[in-house]
Amino acid sequence: MDLSMIILISLIAAPILYFLAKFSHKIAYILFSFIQVFLFVFILLQKGIINTVSSFEIMDGLKLNFGFTPINWYFGSIIMLIISMSAIFMISIKKKSPAKLLLLSLVSTGAIGATLSMDFLTLVIFWELSTWSSLILIVLDKEKSFREAIKYVSVSAIGTYSMLYAVFYILKSFGTVNYLEVADKMKVAPESSKILIFVLFGIMALAKAGSFPLHIWLRGSHSTAPDEFSPILSGALTKIGAYLLFIMVAVIPSSSIFSWLPSIGGITLVNYVLAWLGGISIVVGTVMAIRMEDVKELIAFSTVSNSGYIVLAMALGGTYGTIGGLMHVLNHALASAAMFMSMAAVIHRTGTTKMREMGGLITKMPITFAAYLVAIISVAGIPPMSGFASKWLIYQQLVKNGLPFLAFAAFFGSVGSFMYVFKPLTGVFLGQLKPEHKNVKEAPFTMILPMSILTLLTIFWGILPSNAISFINKIVHYTGGKEIQLTFSRIIALTGQWDSVLVTMAFFVGFIIAFIIFLMGKKARQVDLMDTYTGGEFLYTAELYHFVYKMYRPFDRMFEKWPSMENWLTSLSYKIKELGALLKTLFYPKYPQGYVAVSMLTLLVAFWWLR
Amino acid sequence: MTILKGAALLILAFIYTVTLEGIARKITARIQRRYGPPFWQNFIDIFKALTKHSISHGFIFDFGVLMAFGGTIATALFIPAGNLVVFPGLDNVFVVIYLLAIGLLGMAMSSVGSGNPNAGIGIGRALTQMLGYELPFLIVLVGVFFKYKNSSLSDLVNIQIESGQYNAWIMPLGALVAFISLLGMLGKKPFDVFIAPAEIASGPLVEYSGKYLGMLLIQHSFSVFIEIGLFVNLFLGGGRTVWEFLLKFFIVFFAAVIISAIMPRFRVEQAVKFYWKWPLILSFVQAIIVIMATGR
């Protein structure tokens with residue numbers, strides 16, 4: 001089947017699903033998930049095929065180009081995996097509506113079109129399609145999300161305008177927007193336009209990936225978006241930013257086109273600045289995630305931190321940095337989608353997002369707990385799960401270039417992630433069960449299925465990261481980079497090697513020894529969770545005996561006085577409003593004639609100034 | 001052969017660290033002018049605990065203990081002890097540090113799963129303090145790996161033995177920082193607020209009894225072996241023979257014990273602030289010196 005047909009199917013499905021959902025929500029949602037799974041499988045099956053460019057002419061001279069390269073396939077299948085799994089997840093969600101389906105189909109179409117695009121214009125058109133539909137989707141469920149959506153609009157507008165400017169600038173000066181042709185022309189372009197294009201694209205990539213300094217939209221829009229949409233927002237849509245970033249640093253090799261700039265630690269200045277933005281993003285995301293009390297806000301800031309890792313790794317470049325960054329895209333997509341899904345399942349059953357209002361749900365929702373546990377082990381980068389492989393490769397690159405300060409950021413995010421991933425584990429699943437949650441049931445099957453698939457994939461690529469890396473090697477080979485050596489279970493890098501199967505085996509051997517010792521002891525007496533050591537107090541209220549609110553209070557105290565970008569922007573907006581009020585009292589005339597006169601005067605001044 | 005070596009390493013680690021912990025109790029007692037228990041007291045404690053009745057707070061309480069024990073044993077297998085090396089070349093330091101974390105996660109999960117808030121407070125403090133001591137340690141390691149372009153423990157040991165120069169002489173600031181971090185890792189006195197017995201009833205350990213407590217005592221002695229073993233291998237050149245390694249191990253352990261015997265206790269944010277001040281600055285200075293001297 002032709003590639004443009006796929007995108008057309010996805011686009012046409014949107015209104016059909018909308019009208020179908022008017023009759024029956026259930027059938028339309030099931031059909032939607034079938035379509036998404038079909039699209040995912042279709043993209044997945046194109047693995048070996050390279051360069052099937054299919055153009056799609058909308059009008060004379062304006063063509064949309066789609067194609068398969070290893071890069072497109074990799075990003076496209078990751079994003080469609082997350083979207084199709086979320087589509088299955090949605091079948092049993094409570095708040096269904098036709099508008100949601102319409103917009104979700106558009107988001108999916110936009111995501112496919114953007115990741116399978118072969119030129120910048122197609123990329124920006126489809127990217128905006130998914131951005132604007134996701135924007136409306138965010139505000140559908142909750143009242144307060146309007147305010148947050150405005151942040152999303154403004155930040156993505158900054159990105160979009162800079163990207164559009166860059167695309168038209170490229171079209172004007174090079175006469176083409178195709179990635180590979182642009183890459184050729186960039187080598188001989190004047191130095192100032194190289195920097196201009198790189199900076200403009202960088203703004204777009206950072207804004208959409210949710211990385212410092214354009215990360216402010218993630219907290220609000222991830223947390224107030226409909227629960228079933230948050231996995232897509234965090235796991236799939238931010239990864240298109242990583243796609244653009246990869247094109248910037250690897251397809252248009254920024255290290256070679258900026259070789260005339262001074263370099264630090266073997267990295268050109270432009271990439272070094274980008275790496276620092278990634279590093280700051282890791283630290284900011286980690287510190288903020290630790291301080292959050294709302295589950296979804298916490299995961300949103302963990303997305304900021306992990307986007308920082310991706311930006312850092314790709315900006316570092318080199319063999320290990322690029323491969324580690326690409327692997328981290330996969331790992332974070334799986335893990336953050338699984339985290340958001342398990343939390344959505346909990347919210348579906350309990351109806352709250354505050355950690356202090358939950359607790360002890362492990363006995364009620366064991367499979368959801370298992371999915372969350374595997375996801376956080378991966379996010380924290382602990383060995384038997386896939387998150388370790390990518391972080392290990394990023395550390396290799398940091399050691400290779402000898403960058404202790406950036407390494408500090410990477411380690412901060414890694415050790416800090418133990419803190420923030422553990423907080424929901426404590427607050428939601430462990431500790432005392434609230435009396436009002438006595439009758440909570442496990443999530444429905446359609447929610448468990450996608451979570452389990454993501455969990456199994458995380459475990460699979462944790463035991464055999466070489467499987468994923470061998471494909472990433474192909475991508476790197478395609479862009480002309482160096483590959484890393486692999487065997488079935490070993491990954492060999494600059495500072496030695498590690499054997500993922502051996503590590504897993506060692507863990508299981510240890511576990512079996514522990515189990516034997518455990519069985520040899522006398523059988524333990526089961527007691528209630530309230531039957532604990534209290535220092536002699538008698539306690540009867542389980543809800544007061546659950547420790548999670550301000551769990552890291554000592555840490556909070558250390559960071560309370562730190563400057564907050566959100567506060568700064570809020571007070572800036574107040575100042576602008578005040579200025580507006582002042583101008584209004586000064587210049588707002590009481591008669592229409594005066595108003596016209598003021599406007600004429602303004603226009604005249606503007607004309608004189610711009611003349 | 002690998003299996004035999006692994007079993008030998010685990011048995012050695014168990015007997016040696018538990019004995020040393022007994023001796024440590026004796027040393028602390030003598031510094032505080034008490035008589036102190038006999039040095040085999042810790043063996044008695046562990047085996048007695050394993051045979052006693054116990055209580056359990058549900059599935060995760062059991063599972064977390066198994067995960068902690070399994071993860072820590074698995075990590076101990078990657079520590080070379082002199083010429084007793086189980087996985088030569090595959091004992092990457094990052095693998096050791098992060099595999100140790102799975103044991104900590106299991107322990108944290110199990111103790112919080114008991115439903116006792118004291119455990120939750122203890123774990124919150126332990127994780128916060130971890131952010132303090134891990135960072136200077138890892139920055140020093142960046143310098144070490146950059147110098148040798150190698151992060152395998154057994155290879156680093158061989159390099160140090162062959163050149164005859166231990167990293168502690170080449171990078172003294174780094175070794176000092178790593179030792180201060182080691183005190184935090186071990187939970188020794190200035191940095192033991194997360195298991196403070198008088199404040200939060202031993203924190204994470206509050207609910208354990210019987211075989212659970214016994215297993216966690218064994219797990220703790222393995223993690224002591226891993227942490228000190230890491231320091232000895234990275235900075236003191238491991239050893240040509242097992243005995244040399246054990247001697248160096250004892251010296252480091254002794255230093256940690258006498259420091260902890262005379263120290264009061266830091267609050268957790270004081271500990272983190274301390275680590276982010278001098279140790280972190282010194283570790284950056286050390287890493288930059290090493291990188292400058294080696295050349296990129």
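The chains referred to below are lettered A, B, ... by the order of the sequence lines, with proteins before strands, and numbering in each begins at 1.
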With the side chain counted from C-beta on, respond yes when [X] and [Y] share a heavy-atom pair under 4.5 Å apart, and no when they do not.
X	Y	value
Phe145(B)	Gln396(A)	no
Val415(A)	Leu138(B)	yes
Trp498(A)	Phe78(B)	no
Phe507(A)	Met67(B)	yes

If every non-hydrogen atom of [X] is compared with every non-hydrogen atom of [Y], which pair is closest and at what distance?
X	Y	answer
Lys273(B)	Met558(A)	CE-CG, 3.9 Å
Met130(B)	Phe418(A)	CE-CE1, 3.3 Å
Tyr533(A)	Asn116(B)	O-ND2, 2.9 Å
Ala287(B)	Pro404(A)	CB-CB, 4.0 Å
Phe69(B)	Ala514(A)	CD2-CB, 3.3 Å
Pro383(A)	Val95(B)	CG-O, 4.3 Å

Residue [X] versus chain B: region with a heavy atom under 4.5 Å:
X	result
Arg490(A)	side chain
Phe559(A)	side chain
Lys523(A)	backbone

Open item on the list: Whether the Tyr98(B) and Ser414(A) side chains hold a donor-acceptor pair (N or O, under 3.5 Å, no angle test) is what I'd like checked.
Closed with: yes
- [ ] Compute whether any side-chain donor of one residue and acceptor of the other, for Asn92(B) and Trp392(A), lie under 3.5 angstrom apart.
- [x] yes
So which residue, [options], ends up with the most heavy-atom pairs under 4.5 Å with chain B?
options	value
Ile382(A), Ile512(A), Ile517(A)	Ile382(A)
Leu502(A), Val509(A), Leu398(A)	Leu502(A)
Pro366(A), Ala407(A), Pro554(A), Gly381(A)	Pro554(A)
Ile376(A), Leu373(A), Val421(A)	Leu373(A)

Distance from [X] atom [atom1] to [Y] atom [atom2], nearest 0.5 Å?
X	Y	atom1	atom2	answer
Met551(A)	Thr128(B)	CE	OG1	8.0 Å
Tyr395(A)	Ile97(B)	OH	CD1	9.5 Å
Ile123(B)	Leu425(A)	CD1	CG	11.0 Å
Phe555(A)	Leu131(B)	CZ	CG	5.5 Å
Met385(A)	Ile102(B)	CE	CD1	6.0 Å
Arg557(A)	Glu269(B)	CZ	CD	4.0 Å

Of all of [options], which one pairs up most often with chain A through heavy atoms under 4.5 Å apart?
options	result
Val272(B), Val142(B), Ile121(B), Val93(B)	Ile121(B)
His57(B), Gln219(B), Lys52(B)	His57(B)
Thr51(B), Val206(B), Val112(B)	Val112(B)
Leu77(B), Leu50(B), Leu10(B), Leu66(B)	Leu66(B)
Gln270(B), Glu134(B), Arg267(B), Glu207(B)	Glu207(B)
Ile139(B), Ile73(B), Leu135(B)	Leu135(B)

Is the distance between the ring centroids of [X] and [Y] less than 6.0 Å?
X	Y	answer
Phe518(A)	Tyr212(B)	yes
Phe59(B)	Phe369(A)	no
Phe412(A)	Trp276(B)	yes

[X], [atom1]: over 12 other non-hydrogen atoms inside 6.0 angstrom:
X	atom1	result
Phe508(A)	CZ	no
Met505(A)	CE	no
Leu519(A)	CG	yes

TODO: Kindly indicate, with the supporting measurements, whether the criterion side-chain contact (heavy atoms from CB on, under 4.5 Å) is fulfilled by Arg525(A) and His53(B).
DONE: CA-CA 8 Å; Arg525(A) 188 163 58 88; His53(B) 286 283; over 6 Å; no
Open item on the list: For Asp62(B) and Phe515(A): C-alpha separation, side-chain torsions, deciding distance, then whether side-chain contact (heavy atoms from CB on, under 4.5 Å) applies.
Closed with: CA-CA 10 Å; Asp62(B) 303 358; Phe515(A) 196 60; over 6 Å; no
Tell me, for [X] versus chain A, whether the close heavy atoms (under 4.5 Å) come from the side chain, the backbone, both or neither.
X	answer
Leu280(B)	side chain
Phe61(B)	neither
Ser152(B)	backbone
Met215(B)	side chain
Leu127(B)	both
Phe284(B)	side chain

- [ ] Kindly determine whether Thr426(A) and Met109(B) satisfy side-chain contact (heavy atoms from CB on, under 4.5 Å), including the steps that lead there.
- [x] CA-CA 8 Å; Thr426(A) 310; Met109(B) 227 162 63; over 6 Å; no
Task: side-chain contact (heavy atoms from CB on, under 4.5 Å) evaluation trace for Phe429(A) with Ile60(B) - done: CA-CA 10 Å; Phe429(A) 292 109; Ile60(B) 200 67; over 6 Å; no
- [ ] Go through Phe411(A) and Phe137(B) one step at a time and tell me if the ring-ring contact (aromatic ring centres under 6.0 Å, His included) criterion holds.
- [x] CA-CA 10 Å; Phe411(A) 294 138; Phe137(B) 186 66; over 10 Å; no
